[in-house]
Each structure stands twice: as C-alpha cells, then as structure tokens.
Trainee: 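Right, I'll just put the structure down here and ask away after.
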Amino acid sequence: MRRSVLYMPGANERALEKAKTLAADALILDLEDAVAPDSKVEARKRVCEAAASGEYGKREITIRVNGFGTQWHADDLRAAAEAGPDAVVVPKVNSAAEVHAIERALEAGGAPDKTTIWAMVETPIAMLHAHDIASASDRLSVLVMGTNDLAKELHADHIPGRAPLLGGLSLCLLAARAAGKDILDGVFNDVKNAEGFEAECLQGKQFGFDGKTLIHPGQIDPCNRIFAPSPEEIEYSRRIIEAFESAGRGVVTVDGRMIENLHVESARRILAIAEALD
Ligand SMILES: CC(C)(COP(=O)(O)OP(=O)(O)OC[C@H]1O[C@@H](n2cnc3c(N)ncnc32)[C@H](O)[C@@H]1OP(=O)(O)O)[C@@H](O)C(=O)NCCC(=O)NCCSC(=O)C[C@H](O)C(=O)O
Ligand SMILES: [Mg+2]
C-alpha cells in the first residue's frame, strides 16, 4: 500500500528518528529541496545509513536524490545504490533517456534488484512525455507528482480545487495506468489547514491516485483514512458482487444502478485493498 508517503528532510536527525514510529506507508528520505547545499554531503551519509539500517519496519524506504545537472546527482545515485533502499526517487525526470540513465547508474552502483525507480514528474515537458517516462523501464514502479515545481513552471497559482494543475494530473494518471505503474499525488503545503488537506486527499483519491505525498506527520492519519476503502465502499462492493453472482447474468441493478462485470472487478479490487489493510 502506498496511501501515505512522507517526505523527511535528510539533514534532520530528529525527523529521521521520529519516522520509525509514524504510520506512513512509505518514507522519502530527502536529499533535494529540503536540504541546504552546505548540508548535502552530510545528509547523504545520514540518509543512506538510515535506509540501510533496517529500523523502519514494514514502511517502504526511499531516498530522493538531487536532480540531473546538479553537482550531487551522480554521488547521490552511487551512494543510494549501495544503501539499497526500496526505491530511489529522482526529481524532475523529463524523458525516457533520463530513466535509462538512472537505470544504468543503479546497475553500475550495484543496487539490489528490489531497488526500483520512482520518477518525479514536475515540469511541463514531463507532462507531455509522461507515458514515455512511465513505460521506459521495468525498474520504474511509481510516478510521483511534483505539484510545487509544476505550478512554478506553469506560473500557476495554488488554489483550492487545483484547476491549473488538473491537465497535468490527468496526463500523468493516464500515463501511469497505461504503463501499469502506481502514481502518487503531490504535497499540500498548508500544514495547518486540515480541512483543505482532506479535500485535496479526497480529490486525489477520486481521480484514481494510489496515495499522496506528505510533508508533516499530522497529515498521515487523514491521508490513510481517505485513501483506504470506506466502510460504505466495502459494504456496497460486497453487495454488488453478491447480487451479480446470484443473478447469474451479464447485467443487474443494485440500488437502481446498472452493474456489469467491470463493476464487479472494481468491487473485487476494493475488497482486496481492504483485506490487505486489515
Ligand atoms: C513543514 C515543516 C517545515 C513544518 O515544521 P515544524 O513547524 O517544525 O513542524 P512541527 O513543529 O509541527 O513538527 C512536529 C514534530 O513533527 C516532526 N516533523 C515535522 N515534519 C516532519 C517530517 N516531514 N517527517 C518527520 N517528522 C517531522 C518535528 O520534528 C516535530 O517532532 P518533535 O520535535 O519530536 O515533536 C516540516 O514539517 C518539514 O520540514 N516537512 C518536510 C519538508 C520537506 O521535506 N520538503 C521537501 C519535500 S516536498 C517537495 O519537494 C515536493 C515536490 O518536489 C514538488 O515540487 O511539489
Ligand atoms: Mg519538486
């Protein structure tokens, strides 16, 4: 499950420690935006030690390296490959060729097979290349929306409902699903605005995102709740499966709504998620 995926500044030892007790499904130990240039090298060492420590239980552990064209990129990738996290998160991926370069760097650095690539899509060109990126490699398992960078590049405002970003979000979702990959929604910056956060989680869930990236521990519980099947969804899923199976024909109605096999498949997916979370 990747409902809640928390970024943690790689230079913040207290946060790295605290994360061992948090209910996030996955952690992104960050070397990019949350780490000042002077602290990059020290943070790299700290984050790689944390990733290799095995002290984070069943949480997925990922390392976000600095991007292409930065002075830290190659050394970050080399160190991350050696640490062997569940995934390496690469910011501002713009093409399939960049995915291939990451793949080669991980292989050259001796990364274990379990270390996959999470590609961040956060520029206008990445929106337009989203399917090329998502399908470039079997090692790429997840697309991650970078909505702060995307809004910056678009000269867009951050507004409730995210109208300026919907085109990009949709393109990336289409790309991820067409390539059979997971996709995570971007972060919500206003950490004290619980109502706005829940509305954005719900929007992401309704769009079809697998989960959301987070910046604060207070965002984990509402995110886990919203991205899990609700009791109503579970109950409805059970009823439509039962109605369909007992009718023994191609189409039935439940609560006045048409139910075909494709709805039953969706209901089975929801029940499988609920069971996995139980
Ligand atoms: C946003 C914050 C700077 C807020 O910090 P602060 O006001 O200090 O938070 P609190 O005092 O409420 O913190 C309470 C305790 O929780 C711990 N904490 C806070 N954040 C985290 C975290 N992310 N992971 C783990 N633990 C965390 C504090 O240490 C406090 O602990 P304690 O003292 O024991 O009570 C801050 O939350 C923060 O730095 N968040 C992460 C920022 C970050 O990682 N940014 C980069 C990723 S987002 C991004 O880049 C998106 C993308 O690229 C895009 O383009 O959109
Ligand atoms: Mg970004």
Side-chain angles (χ1 to χ4, degrees), residues 4-37 39-40 43-44 46-47 50-51 53 55-57 59-70 72-73 76 87-94 98 118-127 130 133 142-159 162 164-166 168-169 172 183-194 196-197 200-201 203-204 209 211-224:
S4 52
V5 179
L6 178 68
Y7 283 101
M8 302 175 31
N12 183 338
E13 190 148 19
R14 197 173 166 82
L16 285 172
E17 200 51 40
K18 194 180 176 81
K20 293 175 185 167
T21 63
L22 298 174
D25 288 333
L27 302 172
I28 299 178
L29 312 185
D30 190 23
L31 297 176
E32 199 214 16
D33 289 346
V35 179
S39 306
K40 296 277 190 193
R44 180 193 297 141
R46 182 170 286 162
V47 154
S53 71
E55 290 173 3
Y56 289 85
R59 299 165 193 84
E60 241 182 328
I61 299 298
T62 73
I63 296 175
R64 180 166 75 164
V65 298
N66 286 282
F68 292 95
T70 67
W72 306 284
H73 178 72
D76 284 355
V88 172
V89 183
V90 185
K92 303 178 185 75
V93 175
N94 287 331
E98 290 182 352
W118 291 14
M120 290 200 67
V121 278
E122 43 187 348
T123 61
I125 197 66
M127 303 300 106
I133 294 169
V142 179
L143 289 186
V144 184
M145 296 304 311
T147 42
N148 277 304
D149 272 297
L150 184 59
K152 170 182 165 256
E153 298 292 323
L154 293 174
H155 307 169
D157 291 336
H158 290 277
I159 55 170
R162 299 191 288 178
L165 303 182
L166 295 184
L169 294 173
C172 293
I183 180 161
L184 301 171
D185 201 354
V187 299
F188 185 77
N189 299 333
D190 190 358
V191 288
K192 297 230 155 72
N193 178 0
F197 175 70
E200 198 171 285
C201 282
Q203 182 195 38
F209 284 100
K212 189 165 179 67
T213 47
L214 311 176
I215 53 170
H216 191 275
Q219 296 179 326
I220 297 171
D221 285 347
C223 186
N224 281 345

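Atoms within each ligand, like the ligands themselves, are counted from 1 in listed order. Residues: numbered from 1 along the sequence shown.
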Trainee: Calculate, to the nearest 0.5 Å, the distance between atoms NZ and OG1 belonging to Lys92 and Thr123 respectively.
Mentor: 9.0 Å
Trainee: Between ligand 1 and Gly186, can you find any atom pair, the residue atom being a heavy atom, that is separated by under 4.0 Å?
Mentor: no
Trainee: Taking just the N, O or S atoms of Asp149, which one is nearest to the Mg ion (ligand 2)?
Mentor: OD2
Trainee: Distance under 4.0 Å to a non-hydrogen atom of Met120: what atoms of ligand 1 satisfy this?
Mentor: 52 (C), 53 (O)
Trainee: With a 3.5 Å distance limit and no angle check, can you tell me whether Gln219 reaches the backbone of Phe188 through a side-chain donor-acceptor pair?
Mentor: yes
Trainee: For atom 56 (O) of ligand 1, which protein heavy atom lies nearest, and how many Å away is it?
Mentor: Asn148 N, 2.8 Å
Trainee: When you measure from the side chain of Asp76 to the backbone N and O of Arg44, does any donor-acceptor pair fall under 3.5 Å?
Mentor: no
Trainee: Right, does atom 31 (O) of ligand 1 have protein non-hydrogen atoms nearer than 4.0 Å?
Mentor: yes
Trainee: Would you say Arg64 touches ligand 1, if touching means a heavy atom closer than 4.0 Å?
Mentor: yes
Trainee: Can a donor-acceptor pair be found, under 3.5 Å and without considering hydrogens, that links the side chain of Arg64 to the backbone of Val89?
Mentor: no
Trainee: I want to confirm something. Looking only at heavy atoms, which of Leu6, Val187, Thr123 is nearest to atom 51 (C) of ligand 1?
Mentor: Val187
Trainee: Could you check whether any side-chain N or O of Thr213 sits under 3.5 Å from a backbone N or O of Val5, counting only pairs where one atom can act as donor and the other as acceptor?
Mentor: no
Trainee: Given 3.5 Å as the limit, does a donor-acceptor pair link the side chain of Arg46 with the main chain of Gly10, or not?
Mentor: no
Trainee: Where is the nearest protein heavy atom to atom 35 (O) of ligand 1: which residue, which atom, and how far?
Mentor: Lys18 NZ, 3.7 Å
Trainee: Look up atom 11 (O) of ligand 1 and tell me if a protein heavy atom lies less than 4.0 Å from it?
Mentor: no
Trainee: Which atoms of ligand 1 have any heavy atom of Asp30 under 4.0 Å away?
Mentor: 46 (C)
Trainee: For Thr147, counting its heavy atoms only, list the atoms of ligand 1 lying under 4.0 Å from any of them.
Mentor: 54 (C), 56 (O)
Trainee: Determine whether a donor-acceptor pair (N or O, by modelled atom type, separation under 3.5 Å) exists between the side chain of Thr62 and the backbone of Leu27.
Mentor: yes
Trainee: Under 3.5 Å, is there a donor-acceptor pair between the side chain of Lys152 and the main chain of Thr147?
Mentor: no
Trainee: Protein heavy atoms: any of them under 4.0 Å from atom 45 (N) of ligand 1?
Mentor: yes
Trainee: Which value, rounded to the nearest 0.5 Å, describes the distance between Asn12 atom CG and Glu17 atom CD?
Mentor: 11.0 Å
Trainee: How far is atom 39 (O) of ligand 1 from the closest protein heavy atom, and which atom is that?
Mentor: Pro9 CG, 3.6 Å
Trainee: So which protein heavy atom does atom 41 (C) of ligand 1 come closest to, and at what separation?
Mentor: Ile215 O, 3.2 Å
Trainee: Numbering the atoms of ligand 1 from 1, which are under 4.0 Å from a heavy atom of Glu122?
Mentor: 52 (C), 53 (O), 54 (C), 55 (O)
Trainee: Could you tell me the residue and atom name of the protein heavy atom closest to atom 5 (O) of ligand 1, and the distance to it rounded to 0.1 Å?
Mentor: His216 CD2, 4.7 Å
Trainee: Is any heavy atom of the protein nearer than 4.0 Å to atom 54 (C) of ligand 1?
Mentor: yes
Trainee: So which of the N, O or S atoms of Glu122 lies nearest the Mg ion (ligand 2)?
Mentor: OE1
Trainee: Which one of Pro217, Ala15, Ala34 has a non-hydrogen atom at the shortest distance from atom 20 (N) of ligand 1?
Mentor: Pro217
Trainee: Looking at every heavy atom in both Ser4 and Ala23, which two are closest together, and how far apart are they?
Mentor: OG-O, 3.9 Å
Trainee: Report the nearest protein non-hydrogen atom to atom 33 (O) of ligand 1: residue, atom name, distance rounded to 0.1 Å.
Mentor: Arg14 NE, 2.8 Å
Trainee: Run the numbers for me: atoms of ligand 1, each under 4.0 Å from some heavy atom of Gly146, listed by number.
Mentor: 54 (C), 55 (O), 56 (O)
Trainee: Counting only non-hydrogen atoms of the protein, does one fall under 4.0 Å from atom 23 (N) of ligand 1?
Mentor: yes
Trainee: Which bit of Asp149 gets closer than 4.0 Å to ligand 1, counting heavy atoms only: side chain, backbone, both or neither?
Mentor: both
Trainee: Looking only at heavy atoms, which two atoms of Ala50 and Tyr56 are closest? And how far apart?
Mentor: O-CE1, 3.5 Å
Trainee: Looking only at heavy atoms, which two atoms of Met8 and Ala15 are closest? And how far apart?
Mentor: CE-O, 3.1 Å
Trainee: With Pro91 as reference, evaluate Asp30, Val65, Asp33 under the side-chain contact (heavy atoms from CB on, under 4.5 Å) test and give the passing residue.
Mentor: Val65
Trainee: To the nearest 0.5 Å, how far apart are CG in Asp25 and CG in Leu184?
Mentor: 10.0 Å
